[in-house]
Amino acid sequence: MAEQVITAINALYRSDNSSIKNDADRWLDRWQSSPEAWTVANAILHDPSSEQEYSYFCAQTLKTKVQRDFEELPPEAVPQLRDSLLQLLLRFGKGTPSVRTQLCLAMAALAAHLPAAQWGEGGVLRWLMERFSGQDPAVAMSCMLELLTVLPQEADSRKISCRPERRAAFQAELRAAIPDALNLLTSCLSQTGETVRSQVSESLGCWLKLSGGAGLPAGFASSPLVAAALDGLSVEGTFHAAVDAIVELIWVTVDPHNSIPNPAMTDLAQHLVVKVMALRPRFSVALRKAIAEHEGRDGGGDDVDDEFDDDEETVKGMARLFCEMAEAYIQLVLAATPEVLAPVEALLDVCSHPDYDIYSMSFTFWHKLSNSLAERPLHRHRDEQQQQQQPSLQNGLAAATATAGQAAEQQ
C-alpha cells in the first residue's frame with residue numbers, strides 16, 4: 001500500500017498529464033478517508049528514505065485523521081499514536097518546518113480528544129515538557145515553541161471533531177496550564193536570536209487570547225514576556241509578532257465583553273499606552289510620505305524622513321495597534337479621561353491616511369463610539385476634561401464619515 005501511495009503522490013505533484021493528476025488526487029482522497037491511512041502514513045513518515053513531498057503529504061494525512069477520524073482508533077492504539085507523534089517530532093524538529101507544523105497540529109488535535117488525566121499530572125503540556133527534557137536543545141526548542149503556539153490556537157478549532165463538552169473541557173485544561181506555558185515561554189527568552197523571540201511573542205499572544213485576561217499569574221505585568229513583546233516593536237524581525245502579542249496584552253487590561261478597565265491591570269495599561277504612543281513619530285513620517293505620494297508630491301526632503309523608513313506592512317501594524325487600543329479603552333474615551341487623548345489623536349492619524357486598507361481599520365472604533373454616544377443621555381454641562389477631548393472626537397467622527405464616503409465612491 002505504501003508504494004501505491006508514493007506512486008499516487010508522484011503522479012499528483014510531478015505528472016504533466018492533467019487526467020493522471022486528477023485520477024491520483026481522487027485516489028488519494030479515498031485513501032485518506034480509509035482506516036488503512038493511519039498505519040501507511042505513519043510508516044512512510046518513519047521511513048528515513050522518504051522524500052520531503054511524501055513526508056509532508058503523510059503528515060498532513062495523519063493530522064487530518066486525528067482531527068476527523070479519531071474514533072476509528074481502538075483505545076489500545078492511542079498511546080502508540082501519541083508515542084509515534086513524539087518520535088516524529090524529534091525526527092523532524094530540525095527538518096522541514098512544514099512537516100513539523102503538521103505534526104504539531106496532529107499532537108494538538110490528539111490533546112483535544114484525550115482528557116488531561118490520560119496525559120498524567122499537569123496534562124498535555126507537562127507531558128510534553130517531560131518528554132522533550134534531555135533531548136537535543138535545538139530540536140526541543142523548535143518543537144516546544146510551535147506546540148506552545150498551536151495548542152491554544154486549536155483550543156476552539158472546529159476542524160477537530162470532538163463533542164462540545166470535550167472541547168469545553170480541553171479549553172479549561174489549557175487555561176489551567178497558562179502559568180506553566182508562560183513559565184516555559186519565559187525560559188525560552190534565554191535563547192538569543194530574533195526567530196526565537198518572534199516565536200515567543202506569537203505564542204504569548206495565543207495564550208493571552210485564550211485566557212481572556214483571567215488566570216494570569218501575579219506580577220505578570222512586569223514579566224520578561226511583556227518586556228520582550230514591547231521591545232520587539234523596535235526590531236524589524238520581531239515587529240509583527242510583537243504587534244500580535246501587544247494587541248492581546250491591550251485586551252487583557254479590560255473586560256473583553258464591555259471594555260470596562262480591569263483595576264488589577266492599570267499599571268500594565270499605562271505602560272502599554274506609553275510604549276504604543278511612542279510609535280506615533282514613525283507613523284507620522286509614513287503618513288506624510290503617503291499623503292505626498294497620493295497628491296503626486298515628493299514625500300522626502302527632511303531629516304525626520306531619513307530617520308524612519310517603515311514598509312507598508314509595518315505601517316499597518318502601527319495603525320492596528322492604535323485602533324485596537326482605542327477600541328479597548330472606549331469606556332475611558334467616553335468618560336473623556338485625559339490619558340486617552342493621545343490614543344484618540346493617534347486614531348485620527350490613522351483616519352488621515354490615504355490608503356483604504358489603513359484608514360478603514362478605524363471604522364470599528366467609530367461605529368462603537370457612535371452607538372455608545374447614541375445610547376447615552378445627553379448632558380448640557382460637560383466638565384473641563386470633556387471639553388478638552390470633544391474637538392478630537394468630533395473631528396474623528398467627521399473624518400471617519402468622510403473616509404467612508406470616499407471609499408463608497410471609489411467602489
Would you please say whether a donor-acceptor pair under 3.5 Å links the side chains of D267 and H271?
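Their side chains do not contain a donor-acceptor pair, so the 3.5 Å distance test is not met.
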
I'd like to know whether [atom1] of [X] has more than 12 heavy-atom contacts from other residues, nucleotides or ligands below 6.0 angstrom.
{"X": "E121", "atom1": "CD", "answer": "no"}
{"X": "E53", "atom1": "CD", "answer": "yes"}
{"X": "K209", "atom1": "NZ", "answer": "no"}
{"X": "E3", "atom1": "CD", "answer": "no"}
{"X": "Q52", "atom1": "CD", "answer": "no"}
{"X": "H46", "atom1": "NE2", "answer": "yes"}

Residue pair W251, L208: steps toward the side-chain contact (heavy atoms from CB on, under 4.5 Å) verdict
CA-CA 9 Å; W251 282 102; L208 290 174; over 6 Å; no

Once rounded to the nearest 0.5 Å, what's the spacing between atom [atom1] of [X] and atom [atom2] of [Y]?
{"X": "R100", "Y": "K94", "atom1": "CZ", "atom2": "NZ", "value": "12.0 Å"}
{"X": "D69", "Y": "T64", "atom1": "CG", "atom2": "OG1", "value": "8.5 Å"}
{"X": "L216", "Y": "N262", "atom1": "CG", "atom2": "CG", "value": "9.5 Å"}
{"X": "K65", "Y": "L73", "atom1": "NZ", "atom2": "CG", "value": "8.5 Å"}
{"X": "C58", "Y": "L45", "atom1": "SG", "atom2": "CG", "value": "5.5 Å"}
{"X": "L90", "Y": "D136", "atom1": "CG", "atom2": "CG", "value": "9.5 Å"}

Identify whether NZ of Lys or CZ of Arg in R82 sits under 6.0 Å from the centre of the six-membered ring of W119 and within 45° of that ring's axis.
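Yes, R82 lies over the aromatic ring of W119.
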
Does [Y] offer a backbone N or O that forms a donor-acceptor pair with the side chain of [X] under 3.5 Å?
{"X": "T337", "Y": "L332", "result": "yes"}
{"X": "S201", "Y": "A241", "result": "no"}
{"X": "N183", "Y": "P179", "result": "yes"}
{"X": "S223", "Y": "G219", "result": "no"}
{"X": "Q331", "Y": "N258", "result": "yes"}
{"X": "S142", "Y": "G93", "result": "yes"}
{"X": "R175", "Y": "L210", "result": "yes"}
{"X": "R320", "Y": "V247", "result": "no"}
{"X": "D47", "Y": "A43", "result": "no"}
{"X": "S198", "Y": "E194", "result": "no"}

If I compare all heavy atoms of [X] with all of [Y], which pair ends up nearest, and what's the gap?
{"X": "L89", "Y": "V139", "value": "O-CG1, 4.3 Å"}
{"X": "D310", "Y": "M318", "value": "OD2-CE, 3.7 Å"}
{"X": "L114", "Y": "Q118", "value": "CD2-OE1, 3.2 Å"}
{"X": "L148", "Y": "W207", "value": "O-NE1, 2.7 Å"}
{"X": "H113", "Y": "S161", "value": "CE1-O, 3.3 Å"}
{"X": "I291", "Y": "S352", "value": "CD1-O, 4.1 Å"}

Show, in sequence, the C-alpha distance, side-chain angles and deciding distance for T266 and T253, and conclude whether the side-chain contact (heavy atoms from CB on, under 4.5 Å) test is met.
CA-CA 7 Å; T266 299; T253 64; over 6 Å; no

Does the side-chain hydrogen bond (donor to acceptor under 3.5 Å, both in side chains) test come out yes or no for H367 and N371, once each step is laid out?
CA-CA 6 Å; H367 175 70; N371 284 346; 3.2 Å; yes

Within a strict 4.5 Å, meaning less than it, do heavy atoms of the [X] and [Y] side chains meet?
{"X": "R288", "Y": "V285", "result": "yes"}
{"X": "S187", "Y": "L184", "result": "yes"}
{"X": "S98", "Y": "Y56", "result": "yes"}

N-O pairing of [X] and [Y] below 4.0 Å:
{"X": "E345", "Y": "R280", "answer": "yes"}
{"X": "K316", "Y": "E312", "answer": "yes"}
{"X": "K289", "Y": "D309", "answer": "yes"}
{"X": "R166", "Y": "E173", "answer": "yes"}
{"X": "R197", "Y": "D231", "answer": "no"}
{"X": "R26", "Y": "D23", "answer": "yes"}

Please state whether the rings of F283 and H353 are parallel, tilted or perpendicular, taking 30° and 60° as the class boundaries.
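Taking H353 first and then F283, their aromatic rings sit tilted (interplane angle of 30° to 60°).
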
Where does the angle between the aromatic ring planes of W27 and W31 fall among parallel (under 30°), tilted (30 to 60°) and perpendicular (over 60°)?
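Ring orientation, 0 to 90° scale: parallel.
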
In sequence, state the C-alpha distance, the side-chain angles, and the governing distance for E327 and S259, and then conclude on side-chain contact (heavy atoms from CB on, under 4.5 Å).
CA-CA 8 Å; E327 286 180 42; S259 295; over 6 Å; no

Go through it in stages, so that I can follow the logic: the residues are E202 and T149, the test is side-chain hydrogen bond (donor to acceptor under 3.5 Å, both in side chains), and I'd like the CA-CA distance, side-chain angles, deciding distance and then a yes or no.
CA-CA 7 Å; E202 182 183 4; T149 302; 4.9 Å; no

Could you walk me through whether Y356 and Y359 pass ring-ring contact (aromatic ring centres under 6.0 Å, His included), step by step?
CA-CA 5 Å; Y356 174 81; Y359 70 71; 5.4 Å; yes

Begin from the C-alpha positions of L103 and K63 and carry the test side-chain contact (heavy atoms from CB on, under 4.5 Å) through to its verdict.
CA-CA 7 Å; L103 294 171; K63 173 205 70 177; over 6 Å; no

Could you please spell out the steps behind the salt bridge (Lys or Arg N to Asp or Glu O under 4.0 Å) verdict for R14 and E51?
CA-CA 13 Å; R14 299 174 183 176; E51 297 182 20; 2.6 Å; yes

Walk me through it: do K21 and D16 pass the test salt bridge (Lys or Arg N to Asp or Glu O under 4.0 Å)?
CA-CA 8 Å; K21 290 172 73 75; D16 295 327; over 6 Å; no

Apply salt bridge (Lys or Arg N to Asp or Glu O under 4.0 Å) to the pair D156 and R158, showing each step before the final yes or no.
CA-CA 6 Å; D156 194 36; R158 291 306 188 262; 2.5 Å; yes

